[in-house]
Amino acid sequence: MIVCVAVVGHQNNPLYLQSFTEADDALKLHHVVHCSLDVIDERVNNPKRNAPALNETFLGLLYPTENYKVYGYLTNTKVKFIMVTTDLDVKDADARNFFRKFHAAYVDAVSNPFHVPGTKIASRSFGARVSTIVKSFGSGTTA
């Protein structure tokens, strides 16, 4: 189950953060997302260690914690997508598919002529689309 998704700008500024849990743990999830930025920067700046291809945008499992697994995705414009999940056995194919759909929703949201680049995403339609994508995660359906 996905508990949190985030979009972080190229200057590490949060553009979108959505929690999908009943509990009031948004601050803890925000901290997990913030910590994952260091791992992303390490992987991007030291690609020879564990990067299969130079043009690969899916970063895979960034790091596991006691309760969560954190996955990352980096766009060509250096915008970072982060997914925090409680599932212990997430398949890379499912995570790639999620990030592909999430990236398409992000592109649609920032293509809005009223959206100012580099600012937080406040679109209700983007939020609804992200919720649909999160609900369909791992079920094999398309959103």
Side-chain angles (χ1 to χ4, degrees), residues 1-45 47 50-143:
M1 179 178 114
I2 295 176
V3 293
C4 179
V5 293
V7 177
V8 180
H10 68 281
Q11 296 176 333
N12 289 341
N13 53 322
L15 301 178
Y16 182 80
L17 182 82
Q18 178 65 44
S19 173
F20 296 98
T21 61
E22 299 292 326
D24 188 27
D25 56 354
L27 184 62
K28 182 166 74 170
L29 292 171
H30 192 84
H31 176 71
V32 169
V33 167
H34 183 74
C35 290
S36 68
L37 295 177
D38 293 333
V39 178
I40 291 173
D41 287 340
E42 182 180 321
R43 287 201 186 171
V44 170
N45 294 328
N50 52 4
L54 293 175
N55 60 355
E56 180 65 42
T57 56
F58 178 65
L59 299 173
L61 178 66
L62 298 177
Y63 69 95
T65 65
E66 186 175 319
N67 300 322
Y68 306 116
K69 281 192 171 184
V70 183
Y71 292 84
Y73 181 91
L74 182 68
T75 68
N76 293 335
T77 57
K78 306 296 183 214
V79 174
K80 301 153 196 84
F81 298 153
I82 298 164
M83 170 180 70
V84 181
T85 180
T86 56
D87 292 338
L88 297 177
D89 55 348
V90 175
K91 296 180 179 110
D92 273 356
D94 289 340
R96 285 177 193 266
N97 191 30
F98 168 80
F99 281 122
R100 183 182 51 77
K101 292 176 188 175
F102 192 57
H103 191 182
Y106 169 77
V107 168
D108 289 346
V110 298
S111 296
N112 181 344
F114 299 108
H115 176 74
V116 179
T119 61
K120 291 192 178 208
I121 301 170
S123 168
R124 280 188 238 145
S125 62
F126 177 71
R129 192 164 168 193
V130 168
S131 295
T132 302
I133 294 167
V134 166
K135 287 176 187 166
S136 71
F137 176 72
S139 64
T141 60
T142 57

Does any N or O in the side chain of [X] come within less than 3.5 Å of the main-chain N or O of [Y], such that one atom is a donor and the other an acceptor?
{"X": "T86", "Y": "Y68", "answer": "no"}
{"X": "D87", "Y": "D89", "answer": "no"}
{"X": "K69", "Y": "V84", "answer": "no"}

Seminar exercise, completed: Closest non-hydrogen contact found for G9 with K80 is O-NZ, 3.3 Å
Problem set entry | Taking every non-hydrogen atom, the tightest pair across K101 and S136 | NZ-OG, 4.1 Å
Exercise. So S19 and D25, side-chain contact (heavy atoms from CB on, under 4.5 Å) or not? Walk me through it.
Worked result: CA-CA 8 Å; S19 173; D25 56 354; 4.1 Å; yes
Problem set entry | side-chain contact (heavy atoms from CB on, under 4.5 Å) assessment of V32 paired with Y63 | CA-CA 10 Å; V32 169; Y63 69 95; 3.4 Å; yes
When rounded to the nearest 0.5 angstrom, what is the spacing between [atom1] in [X] and [atom2] in [Y]?
{"X": "T65", "Y": "L62", "atom1": "OG1", "atom2": "CG", "answer": "11.5 Å"}
{"X": "S131", "Y": "F126", "atom1": "OG", "atom2": "CZ", "answer": "10.0 Å"}
{"X": "M83", "Y": "C4", "atom1": "CE", "atom2": "SG", "answer": "11.0 Å"}
{"X": "K28", "Y": "T21", "atom1": "NZ", "atom2": "OG1", "answer": "8.5 Å"}
{"X": "L59", "Y": "S36", "atom1": "CG", "atom2": "OG", "answer": "10.0 Å"}

Contact between [X] and [Y] at the side-chain level, heavy atoms closer than 4.5 Å - yes or no?
{"X": "L15", "Y": "N13", "value": "yes"}
{"X": "F20", "Y": "V3", "value": "no"}
{"X": "D92", "Y": "L61", "value": "no"}
{"X": "H34", "Y": "L37", "value": "yes"}
{"X": "K135", "Y": "I2", "value": "no"}
{"X": "V33", "Y": "L17", "value": "yes"}

Side-chain polar contacts of residues 115-122 - donor-acceptor pairs under 3.5 angstrom, sequence neighbours left out - could you list them?
| residue | atom | partner | partner atom | Å |
| --- | --- | --- | --- | --- |
| T119 | OG1 | V116 | O | 2.5 |

For this session: I would like to know whether T77 and H10 meet side-chain contact (heavy atoms from CB on, under 4.5 Å); could you show each step before the answer?
Result: CA-CA 7 Å; T77 57; H10 68 281; over 6 Å; no
Exercise. Taking Y73 as the fixed residue, which of F102, F99, F98, Y106 is the one that meets the ring-ring contact (aromatic ring centres under 6.0 Å, His included) rule?
Worked result: F99
Problem set entry | R43: which of N45, D41, V39 passes side-chain contact (heavy atoms from CB on, under 4.5 Å) | V39
Exercise. Applying the side-chain contact (heavy atoms from CB on, under 4.5 Å) test to F137, which of N97, V5, D94 qualifies?
Worked result: D94
For this session: Please work out which of the three classes, parallel, tilted or perpendicular, describes the rings of Y71 and F58, given edges at 30° and 60°.
Result: parallel
Exercise. Should Q18 and V134 be marked as a side-chain contact (heavy atoms from CB on, under 4.5 Å) after you check the CA-CA gap, both sets of side-chain angles, and the distance that decides it?
Worked result: CA-CA 11 Å; Q18 178 65 44; V134 166; over 6 Å; no
